[in-house]
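Take a look at the structure set out below.
These numbers come from the heavy atoms of this one structure, side chains and all, not from hydrogens, waters or symmetry mates. Order of appearance sets the numbers: ligands from 1, and atoms from 1 within every ligand. Not measured: the values here are computed from a predicted model.
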Amino acid sequence: MVIQKVMVIGAGQMGSGIAQVCAGSGFEVILNDIKQEFLDRGLSNITKNLSRDVEKGRKTEDEKAVILSRITQSLDIKDAVDVDIVIEAATENMDIKQSIFREIDAIAPKDAILATNTSSLPITEIAAVTERPEQVIGMHFMNPVPVMKLVEIIRGLATSDEVYKAVQEMTVTLGKTPVEVNDFPGFVSNRILMPMINEAIYTLYEGVATKEDIDSVMKLGMNHPMGPLTLADFIGLDTCLYIMEILHEGFGDSKYRPCPLLRKYVAAGWLGKKSGRGFYVYD
Ligand SMILES: CC(=O)CC(=O)SCCNC(=O)CCNC(=O)[C@H](O)C(C)(C)COP(=O)(O)OP(=O)(O)OC[C@H]1O[C@@H](n2cnc3c(N)ncnc32)[C@H](O)[C@@H]1OP(=O)(O)O
Ligand SMILES: NC(=O)C1=CN([C@@H]2O[C@H](COP(=O)(O)OP(=O)(O)OC[C@H]3O[C@@H](n4cnc5c(N)ncnc54)[C@H](OP(=O)(O)O)[C@@H]3O)[C@@H](O)[C@H]2O)C=CC1
């Protein structure tokens, strides 16, 4: 299985990062979203990151130009007609993902791999809406994609060994470290990380300490690079809430109930850094 051409669906913070690392490793990339403004924002993030690499002497202007030239913008999912792999990084919502997979299954070449960057949704359930469940797999990058080394690779019930191997090899080509994980709610990363973040939100909700002090405890006391409330803002509070709901529903255990304060912030449109306000306010 040779992978050369990739379609990334969703040009948000994850999709743009995935497009950047794929293009940076020599893959031809089609970056797809539903609105031009999201593509513009994604491309502008990629350009900003590459310019920083040039400023820091890690890349030349020519290398930056070559990487950018490997990325084509797309507003039409039919552009997946000749790709080798699709990496879906749209909003964390099962209806949205299943509708994308249904559509892409009818368009992408029969031997193409359909991967999802979902942070918590069952791969098997996404695969079930396609005619090729053996070619559907989870490829879970971490945020910020250009920096973080891990990719969790999640096998659905039907994922073939050949597809797993191809995705594992691609991950290594991207300069990342693959870790194999079974298809359980939240996989490994978010099953452990998200309850900690949710507990930090409860700690704020119950008035135990201020947001700054909660973050300081985890930064200075546990050497985390970011406090949990800052990290929640960075991930996106909508994504955190979706993940907690998946854990709650998937395990049927009340210990995963999302904090009411998290629900309230999402309902208010306070989605974190990407919307300008979450636990903190951003310029
Ligand atoms: C929700 C899920 O499903 C799974 C997830 O992804 S959970 C989230 C996982 N991610 C984390 O936990 C991130 C925790 N935070 C960190 O590791 C760090 O704070 C951080 C890497 C984001 C920033 O690091 P920092 O030292 O505080 O800031 P800064 O000095 O600006 O950046 C460090 C480096 O990262 C780079 N960087 C920071 N943000 C970046 C971004 N968004 N895109 C690309 N590069 C970035 C900077 O260029 C810098 O690189 P150099 O040192 O080589 O110049
Ligand atoms: N944030 C994080 O730290 C991490 C997130 N993930 C996962 O990555 C995925 C994306 O998250 P993230 O990048 O943070 O989210 P964002 O909200 O930044 O980006 C999602 C993008 O997908 C677009 N989109 C929605 N529906 C479609 C569609 N039908 N076709 C094409 N594009 C669509 C959205 O447009 P619009 O704004 O109009 O809805 C938006 O531009 C989620 O599954 C998330 O769980 C994985 C690892 C870490």
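Under a 4.0 Å N-O distance rule, the pair E37/R41 does not qualify as a salt bridge.
At least one donor-acceptor pair closer than 3.5 Å links the side chain of D183 to the backbone N or O of T124. Of the possible polar contacts, none joining the E162 side chain to the M1 backbone as a donor-acceptor pair under 3.5 Å is found. A donor-acceptor pair under 3.5 Å links the side-chain atoms of D233 to the main chain of Y280, judged by distance alone. In terms of modelled atom types and a separation under 3.5 Å, the side chain of Q98 and the main chain of E125 share a donor-acceptor contact. Checking side-chain atoms of N190 against main-chain N and O of L193 turns up no donor-acceptor pair under 3.5 Å. The backbone N or O of I235 sits less than 3.5 Å from a side-chain atom of Q13, completing a donor-acceptor pair.
Where the criterion is an N or O separation shorter than 3.5 Å, residue side chain and backbone included, T239 fails it with respect to ligand 1. The shortest N/O to N/O separation between T118 and ligand 2 does not fall below 3.5 Å.
If you check which protein heavy atom lies closest to atom 35 (O) of ligand 1, you get V147 CG2, 3.5 Å. Of all protein heavy atoms, the one lying nearest to atom 49 (C) of ligand 1 is K56 NZ, 4.8 Å. When hydrogens are left out, the protein atom nearest atom 18 (C) of ligand 1 is P225 CB, 4.0 Å; that is the closest non-hydrogen contact. In this structure, the protein non-hydrogen atom closest to atom 16 (P) of ligand 2 is K274 NZ, 3.9 Å. Looking only at heavy atoms of the protein, atom 15 (N) of ligand 1 is closest to M226 SD, 3.5 Å. In terms of protein heavy-atom proximity, atom 44 (C) of ligand 1 is nearest to R52 NH2, 3.1 Å. When hydrogens are left out, the protein atom nearest atom 32 (N) of ligand 2 is D33 OD1, 3.4 Å; that is the closest non-hydrogen contact. Considering only non-hydrogen protein atoms, atom 2 (C) of ligand 1 sits nearest to N190 ND2, 3.4 Å. Here the protein heavy atom with the shortest distance to atom 30 (N) of ligand 2 is I34 CG2, 3.7 Å. In terms of protein heavy-atom proximity, atom 7 (C) of ligand 2 is closest to N117 O, 3.4 Å. Shortest contact from atom 9 (C) of ligand 1 to any protein heavy atom: N143 O, 3.4 Å.
Using a 4.0 Å cut-off between heavy atoms, F141 contacts ligand 2 through its backbone alone, with no side-chain atom that close. When non-hydrogen atoms are compared, ligand 2 lies under 4.0 Å from neither the backbone nor the side chain of I77. Only the side chain of I100 comes within contact range of ligand 2, with a heavy atom under 4.0 Å; no backbone atom does. Under 4.0 angstrom from ligand 1, the non-hydrogen atoms of R58 all belong to its side chain. With a heavy-atom cut-off of 4.0 Å, M142 touches ligand 1 through backbone and side chain alike.
Ligand 2 places these atoms under 4.0 Å from at least one heavy atom of F38: 35 (O), 36 (P), 37 (O), 38 (O), 41 (O).
Among E103, M139, M14, M142, the residue whose heavy atom sits closest to atom 13 (O) of ligand 2 is M14. Between S189, S275, A90, S119, it is A90 that holds the heavy atom closest to atom 22 (O) of ligand 2. Closest heavy-atom approach to atom 22 (C) of ligand 1 among the candidates P146, P144, S119: P144. In this comparison of I197, L231, V145, I46, the heavy atom closest to atom 12 (O) of ligand 1 sits on L231. Nearest residue to atom 25 (C) of ligand 2 from D238, L39, N32, T91 is T91 (criterion: closest heavy atom).
Within a 4.0 Å radius of atom 41 (C) of ligand 1, the protein contributes at least one heavy atom. When distances from atom 25 (P) of ligand 1 to the protein are checked, no heavy atom turns up under 4.0 Å. Distance check for atom 6 (O) of ligand 1: a protein heavy atom is found below 4.0 Å. Protein non-hydrogen atoms do reach within 4.0 Å of atom 54 (O) of ligand 1. For atom 20 (C) of ligand 1, no protein heavy-atom neighbour is present inside the 4.0 Å cut-off.
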query = For L204 and V208, what are the C-alpha separation, side-chain angles and deciding distance, and is it a side-chain contact (heavy atoms from CB on, under 4.5 Å)?
reply = CA-CA 6 Å; L204 178 68; V208 181; over 6 Å; no
ask   = Please walk me through it: do I154 and N182 pass side-chain contact (heavy atoms from CB on, under 4.5 Å)?
value = CA-CA 6 Å; I154 306 110; N182 279 325; over 6 Å; no
query = Can you check side-chain hydrogen bond (donor to acceptor under 3.5 Å, both in side chains) on S189 and E152, steps first, answer last?
reply = CA-CA 8 Å; S189 54; E152 275 186 313; 2.6 Å; yes
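I67 approaches K59 most closely through the heavy-atom pair CD1-CE, 3.4 Å. For R191 against L247, the heavy-atom pair with the smallest separation is CA-CD2, 4.2 Å. Shown here for D253 and H248, the closest heavy-atom pair between the two residues is O-CD2, 3.3 Å. For the residue pair G236 and K274, the shortest heavy atom distance occurs at CA-CE, 4.2 Å.
Taking CG from L262 and SG from C240, the interatomic distance works out to 6.5 Å, rounded to the nearest 0.5 Å.
Ring geometry for W270 versus Y265: interplanar angle over 60°, hence perpendicular rather than tilted (30 to 60°).
Heavy-atom distances between R41 and ligand 2 reach below 4.0 Å in at least one pair. The closest approach between any non-hydrogen atom of G236 and ligand 2 is not below 4.0 Å. Under a 4.0 angstrom heavy-atom cut-off, Q20 registers as lying outside contact with ligand 1. Judged by the shortest distance from any of its heavy atoms, K97 lies inside the 4.0 Å radius around the atoms of ligand 2. The shell of residues lying under 4.0 angstrom from ligand 2, judged by heavy atoms, includes H140.
Taking the side chain as every heavy atom from C-beta outward, D84 and V6 never approach each other to under 4.5 Å. Within the 4.5 Å cutoff, the side chain of V83 has heavy atoms near those of the K5 side chain.
The residue from R132, E88, Q135, M7 that alone fulfils the side-chain contact (heavy atoms from CB on, under 4.5 Å) condition with L114 is R132.
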